[in-house]
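Worksheet for the structure shown next.
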Amino acid sequence: MISDKKGIQQLVEVCSRKGIEHVVLSPGSRNAPLSISFNEYGSFTCVSIPDERCAAFFALGIAQQTRKPVAISCTSGSAALNYAPALAEAFYQKVPLLVLTADRPVEWIDQGEGQSIRQRNIYSNYILDSFEMPQEADHPDEEWSCARIANDAINLATHELGPVHINIPLRENLYQQKTNSANPRAVYVPKTNVSLAPEELDALAEKWENSSKKLVLAGQLNPDEKLNEVLGQISSDPSVVILTETTANICHPNFNPCIDRLISVDRINKLPDFRPEILVSIGGAIISKKIKALFRKFQPEEHWHIANESTVKDTFQSLTKHIRINPATFFRSILDSCRVGSNGYRELWRNCHYRSEILHDEYLETTPWSDLKAYQTIVAYLPDHSTLHMGNSTAVRYFQLFEPVNSIDYYCNRGVSGIDGSTSTAMGATFASQKPSTLVTGDISFLYDSNALWNLDDNSNLKIIVLNNGGGNIFKIIPGPDTTNQLNDFFVTKQNVNIGQLCAAFGILHSRACSTMELEECLKRAYSSISTPEVIEVYTANEDNDNILKSYFENLKK
C-alpha cells in the first residue's frame, strides 16, 4: 500500500526502477504521501531526520560515498529553505541529489495559507534544473508527465552530477493509501566515453613534448585508481611536477603534497625558475590561497583545465584551454602519445619539498601543546583504510601541512567551504560506507551543526574530534581581523559552551584532552572500539595557537 496520489505513485515507481536506493525524509504533513510511499514500497533505505538542514547534508554525505543520487523530501514552507546550504555545496562539489519538496496547492500561494511560500524555482542559482509536478494527475497525460519529470530529473542528477529539484503541489487528503498501480517507463541514458579528436590530441601532445616545465595541480577529487595510476606513470618524467591537495585523494612518492608548506620555502616565491610553461589543473576547489597567489604572480604560458563539465574556471587568470574530458583519459592519451622530457624541473620542486619536510619535522619536535601539536598527534593515530572528514575552515588547512596517508580517503565540503553541515555530512558518509571514519572539526563548526548529534547512531563507526580553541581561530591567523577592535567579539566570536554536557544531552560518549599525552590516550582507546561513536574534545583555548602557526611558517623561510 502506498499513497493514493497518482503522481506520487509514478514518481516512486520511477525512482525504484532508476536505482534510487537511499531516501532521507524529514517529518511533515504535506510530504506525508512521499514518506508513506517510500517507506511502504520496500526497495528504499529510508532515514528520518527532523532538521532539514542536517537532513540535506546527511544525504550529501551518502551521495558523496555512493556516487548515486540520494532523494530528500520535506514538507512545505521554510523547511524547503533549510535545504539550501547543502544544495549549494552539492552544486559546486558536483554531488547528485534528488530534491523533493512538497507544496501547498498552487492557488493558495500568497493567499495567507500556513506554511506556504513561493517554492517554484526556489533554488534557481544552485540547481541543475527545477521541475514542478502536475497538481492532480487525474488524466493519463498528467500521469505520463509525472513519470517523464521523474526520469528527466534522475537522469540529469546522475549524468551531470548535482542537485535537481522537483516541487510537488499536493491537496488534502494526504494520508489515504491504495495498492500501487503505476507502471511507468524508466528512461535510461547510457554512459558514453568522450575522447579527444586526433588533430586536437596531436596539437596538445606537441605542446606537451616541447615544454620543459609541466606542472599538474590536483584539487578536490574522489578517489580514482585509474587517475592515480596514470599520474604516477607521468610523474616519472623529469620535466613534470605534480602538486596535490589533501582532498585530491591521489598519492605517489613522486607527487608533492603539503602545498602550503612547500611553497612557503622562500626561494619558490622569488625565483621565476619555478614558473611552469604549462599548468594543467584537475579537480574541484583549490584550498591553498598561497598557490593561487603564486601562479597569479608567476603566470604560466599555458593553463589547461581538464574537467568533463561545462563550467569554465579561470582560477589563475591565465586559462588558455578548457578540455572537456575525464582527467584519467586525458593523461592516458598524453602518456601514450609523448616522449619523456629530460630537464630537472621535477627535481627543482622535489628539493624544496624535502627541505620543507626537514624544517617541518624540526619545528614540530619542539612545538608545545597547541592546535598544531594536536594535529600532528591525530595524524599519527588515524587508522589505515579509513575515511577522514575535515571541517572548514581551519581543520582542512592544518591537514594540508601533513603528508597524506595512501590508504585514507579525505573529504571536506569545499564546494562552498562553509562551516555548516560538516558533522551531518560525515554522518551520512559513514552511514553509507560503514568504513571506520573520523571527523576533525573546529568548535564553532561543531556547535553550528550540533543538531547532527540527534542523528548519531549507537553503532556508528564515526569518531568526532573537536579542536576547541574557544572560537573561530582562523580569524587570528588570516591577515586583517587582528587590526580591528572587533577581533574577539565579531570575528573569533569566543564561546564557552560545555561540549561535554552537550554530548551528554544526546547520550554520546565524550572525552577531553588537554595535553599530547591525554590526546594519545583518548585516541588509542577510541580507535580500539571502532563501532562506538565518540566525541573527543581537544582543548587548546588557553594556548598561543595563532602565534605558533605563524612561527611555523616563518621557520619554513629559513
Kindly give the heavy-atom pair with the smallest separation between [X] and [Y], and that separation in Å.
X: Ile548; Y: Ser370; answer: CD1-CB, 3.4 Å
X: Cys54; Y: Asp449; answer: SG-OD1, 3.5 Å
X: Leu319; Y: Lys313; answer: CD2-O, 3.6 Å
X: Ile72; Y: Ala55; answer: CG2-O, 4.4 Å
X: Asn547; Y: Asp544; answer: ND2-OD1, 2.9 Å
X: Val405; Y: Tyr410; answer: N-OH, 2.7 Å

Open item on the list: Looking at Tyr188, I'd like to know if the NZ or CZ of Lys18 sits under 6.0 Å from its six-membered ring centre while staying within 45 degrees of the ring's axis.
Closed with: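 Yes, a cation-pi geometry.
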
Task: Six-ring centre of Phe553, Lys290 cation under 6.0 angstrom, axis tolerance 45° - done: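 Verdict for Phe553: a cation-pi partner in Lys290.
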
TODO: Can you label the angle between the His305 ring and the His303 ring as parallel, tilted or perpendicular, going by 30° and 60°?
DONE: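 Taking His303 first and then His305, their aromatic rings stand perpendicular (interplane angle over 60°).
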
- [ ] Quick one: sort the Phe475 and Phe491 rings into parallel, tilted or perpendicular, breaks at 30° and 60°.
- [x] tilted

Verify whether one side chain among [X] and [Y] offers a donor that lies under 3.5 Å from an acceptor in the other.
X: Thr540; Y: Asp371; value: yes
X: Tyr363; Y: Ser551; value: yes
X: Arg332; Y: Gln233; value: yes
X: Asn167; Y: Thr101; value: yes
X: Ser437; Y: Asn461; value: no
X: Asn469; Y: Asn545; value: no

Check whether more than 12 heavy atoms from other residues, nucleotides or ligands sit under 6.0 Å from atom [atom1] of [X], and answer yes or no.
X: Lys207; atom1: NZ; result: no
X: Asp336; atom1: CG; result: yes
X: Gln434; atom1: CD; result: yes
X: Glu199; atom1: CD; result: yes

Is the distance from the ring center of [X] to that of [Y] below 6.0 Å?
X: Phe431; Y: Phe58; value: yes
X: Tyr83; Y: His165; value: no
X: Tyr375; Y: Phe399; value: yes
X: His360; Y: Phe402; value: yes

TODO: Using a strict cut-off of less than 4.0 Å between a Lys/Arg side-chain nitrogen and an Asp/Glu carboxylate oxygen, indicate whether Lys321 and Glu302 qualify as a salt bridge.
DONE: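 Looking at Glu302 together with Lys321, the answer is yes, because their closest N to O distance falls below 4.0 Å.
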
- [ ] Salt-bridge test for Lys214 and Glu277: reply yes if a basic N is under 4.0 Å from a carboxylate O, no otherwise.
- [x]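 Not counted as a salt bridge, because no side-chain N and carboxylate O are separated by less than 4.0 Å.
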
Open item on the list: Let's go through Lys94 and Glu89 carefully: what are the C-alpha distance in whole Å and the side-chain angles of both, what is the deciding distance for salt bridge (Lys or Arg N to Asp or Glu O under 4.0 Å) to 0.1 Å, and is it a yes or a no?
Closed with: CA-CA 8 Å; Lys94 298 188 71 64; Glu89 179 64 34; over 6 Å; no

Would you tabulate the side-chain donor-acceptor contacts of residues 215-224 under 3.5 Å, counting partners in other chains and residues two or more places apart, or write 'none'?
{"residue": "Gln220", "atom": "NE2", "partner": "Cys412", "partner atom": "O", "Å": "2.6"}
{"residue": "Asp224", "atom": "OD1", "partner": "Lys226", "partner atom": "N", "Å": "3.1"}
{"residue": "Asp224", "atom": "OD1", "partner": "Leu227", "partner atom": "N", "Å": "3.1"}

Once rounded to the nearest 0.5 Å, what's the spacing between atom [atom1] of [X] and atom [atom2] of [Y]?
X: Leu204; Y: Ile278; atom1: CG; atom2: CD1; result: 8.5 Å
X: Ile250; Y: Glu245; atom1: CD1; atom2: CD; result: 10.5 Å
X: Arg261; Y: Ser288; atom1: CZ; atom2: OG; result: 13.0 Å
X: Ile408; Y: Thr438; atom1: CD1; atom2: OG1; result: 8.0 Å
X: Phe316; Y: Gln299; atom1: CZ; atom2: CD; result: 10.5 Å
X: Ile62; Y: Arg67; atom1: CD1; atom2: CZ; result: 15.5 Å

Task: Verdict with supporting geometry, Gln64 and Asn413, side-chain contact (heavy atoms from CB on, under 4.5 Å) - done: CA-CA 10 Å; Gln64 191 184 72; Asn413 283 348; 4.1 Å; yes

- [ ] Go through the steps for Tyr398 and Val440 under the test side-chain contact (heavy atoms from CB on, under 4.5 Å), then give the verdict.
- [x] CA-CA 10 Å; Tyr398 269 106; Val440 181; over 6 Å; no

Do the side chains of [Y] and [X] get nearer than 4.5 Å, heavy atoms only?
X: Cys258; Y: Glu403; value: yes
X: Cys352; Y: Phe274; value: yes
X: Ile287; Y: Arg414; value: yes
X: Leu87; Y: Val99; value: yes
X: Val538; Y: Ile465; value: yes

Exam field: side chain [X] to backbone [Y], donor-acceptor pair closer than 3.5 Å:
X: Ser407; Y: His385; value: yes
X: Ser445; Y: Gly442; value: no
X: Lys463; Y: Ala526; value: yes
X: Asn151; Y: Arg185; value: yes
X: Arg17; Y: Val187; value: no
X: Ser211; Y: Trp208; value: no
X: Glu301; Y: Pro276; value: no
X: Arg350; Y: Phe255; value: yes
X: Arg275; Y: Pro300; value: no
X: Asn308; Y: Asn326; value: no

Task: Test side-chain contact (heavy atoms from CB on, under 4.5 Å) applied to Arg346 and Ile242, step by step - done: CA-CA 8 Å; Arg346 183 188 67 190; Ile242 298 181; over 6 Å; no

Enumerate, atom names and distances included, each donor-acceptor pair closer than 3.5 Å involving a side-chain atom of residues 156-164, sequence neighbours excluded.
{"residue": "Thr158", "atom": "OG1", "partner": "Ile154", "partner atom": "O", "Å": "2.7"}
{"residue": "His159", "atom": "NE2", "partner": "Val189", "partner atom": "O", "Å": "2.9"}

TODO: Please assess Asp260 against Lys289 for the test salt bridge (Lys or Arg N to Asp or Glu O under 4.0 Å), listing each intermediate value before the final yes or no.
DONE: CA-CA 8 Å; Asp260 279 355; Lys289 295 178 74 172; over 6 Å; no

- [ ] Give the intermediate values and the outcome of side-chain contact (heavy atoms from CB on, under 4.5 Å) for residues Val280 and Ile306.
- [x] CA-CA 7 Å; Val280 182; Ile306 317 299; 3.6 Å; yes

What side-chain donor-acceptor pairs closer than 3.5 Å can you find for residues 124-131, not counting sequence neighbours?
none

